[in-house]
Amino acid sequence: MAVESHGLLPLVLNLLLCVLGPSESQGGKLLVVPMDGSHWLSMVSVIQQLHQRGHEIVVVAPTSSVRIKEGAFYTFKNFPVPFQKEDLEAIFVSFGHNVFEDEPFLQRVVKMYKAVQKDSAILLSACSHLLHNKELMASLVAGSFEAVLTDPFLPCGSIVAQYLSLPAVYFLNGLPCGLDFDGTQCPSPPSYVPRSLSVNPDHMTFLQRVKNMLITFIQPFLCSAVYSPFASLASEVLQRDVTVQDLMGFGSVWLLRSDFVMNYPRPTMPNIIFIGGINCVTQKPLSQEFEAYVNASGEHGIVVFSLGSMVSEIPEKKAMEIADALGKIPQTVLWRYTGSPPSNLAKNTILVKWLPQNDLLGHPNARAFITHAGSHGIYEGICNGVPMVMMPLFGDQMDNAKRMESRGAGITLNVLEMTSDDLAHALKTVINDKSYKENIMRLSSLHKDRPMEPLDLAVFWVEFVMRHKGAPHLRPAAHDLTWYQYHSLDVIGFLLAVVLASTFIVFKCCVFGFRKCFGKKGRIKKPHKSKAH
Ligand SMILES: *[C@@H]1O[C@H](CO)[C@@H](O)[C@H](O)[C@H]1NC(C)=O
């Protein structure tokens, strides 16, 4: 009986899906070339939804992936790479450690740069191993896919899509050095669109605009340093000249995990779809373990504390300072921490190796959220309306934190310089000063007031690209112009030449006429007179 019902349940569910599900989707084939780490986590919810709508999905990733594994709703094709999962994890761990080392700024930058260089070499080699894997690539060619879903942070998926002549849907949080909006040819006036890593607001002072302009000039060089090896690889595989802009500009539709509650208003393009908060949509009830913690916290409630998946250990001295601060508040603190417990850990602080962050933040007893201000965490804080204490560590986190702070929804701390008192004070402020809760609730209601859930939007646009074999009608012609054509320099030059030439001719005519009437009468008139006579 039990065995039978096991077989029956999926059947009934499938039947229900067929009856209830949108009748349009007739099941296509989608190839997914994802990016490992937290980037994968929000993409996987889209894949799950697409599977439920009857599509067949193939995910391609290296054997040594950290997060990407076999899944029930996709076919997993992996390929061998010359490095281990542990090598990747070691990169994450050292990345986390570097952040906390109190070194001179320049030394930190150099160290970070070297780490990024090493990481991108590893990621590039993974891409190269995929593209040179004849057997796997042949099976992809034979796979008759309709589109490729990929995170262009690693433009490998773009190369695969071009190799297979398939349209690509980009799914991303953003790209470094402004390559996201440059890649879509979206205008970004530096006068009011703050550059990433500038920590500028949208209303900038003169000096902030100078900084913004300087970053605008430097960005293309940084981008090309990071991404040009991928362009060379693409040129080799596709046997034609491919630039970084070609790799990025290939995306038919860009699903951007961003919105205008968190980010400042700015120009956008018809093929950019904003799906910020997509990671927040699915909320599950808490497990027994976590529900018990929340219940036990009583009227004071809980504080959720996580520095993200990249940083799970921090130096002992810092950990003790933090533990000291956490002991000074009446709330129960749930801290995701995998290092050895600080010796001064207070009774109200519970260390866990993992926590259901979004589900905990969604509980009415959540009072505050201590976060590294990664985009996932920020959106979970916004959609659940929980004020934040932010400790940005690297990348876009400073910008994210600044945005939340400027809207009165949280307090930013410098993790290197902060004392135990600073942290305790910041926590007490966001919990007890009602304005923080009011501001985050206002952001939350703005964020959630939308015609369509971001997950449905993402699924719709992936299917759109599959149905129509791309979206060339949304592609701005800017992609096909040279830089001087884009800025109309040739036209300006032409018009300038016309104006100059006409001015010159008019001037010459005037001079001629002037001379004829008044100047050097004798010499000009004489021949006329002599003719007339
Ligand atoms: C927590 O409290 C709720 C409401 O009082 C109760 O229904 C639930 O069973 C409790 N859970 C645990 C694990 O104690």
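Whatever order the structure lists ligands and atoms in, that order sets their numbers, starting from 1. Note that the coordinates shown come from a computational prediction; the quantities given were computed from them, not determined experimentally.
Judged by distance alone, with hydrogens and angles left aside, the side-chain atoms of N365 form no donor-acceptor pair with the main-chain N or O of N295 at under 3.5 Å. A donor-acceptor pair under 3.5 Å is absent between the side-chain atoms of D36 and the main chain of S65, judged by distance alone.
For the pair R257 and Y379, the cation-pi criterion (under 6.0 Å, within 45° of the ring axis) is not fulfilled.
Residue E291 has at least one N or O atom closer than 3.5 Å to an N or O atom of ligand 1.
Ranking the protein heavy atoms by distance from atom 10 (C) of ligand 1 puts N295 ND2, 2.4 Å first.
Residue-environment remark: CD (E86) exceeds the threshold of 12 foreign heavy atoms within 6.0 Å.
Less than 4.0 angstrom separates atom 5 (O) of ligand 1 from none of the non-hydrogen atoms of the protein. For atom 8 (C) of ligand 1, the nearest protein heavy atom is under 4.0 Å away.
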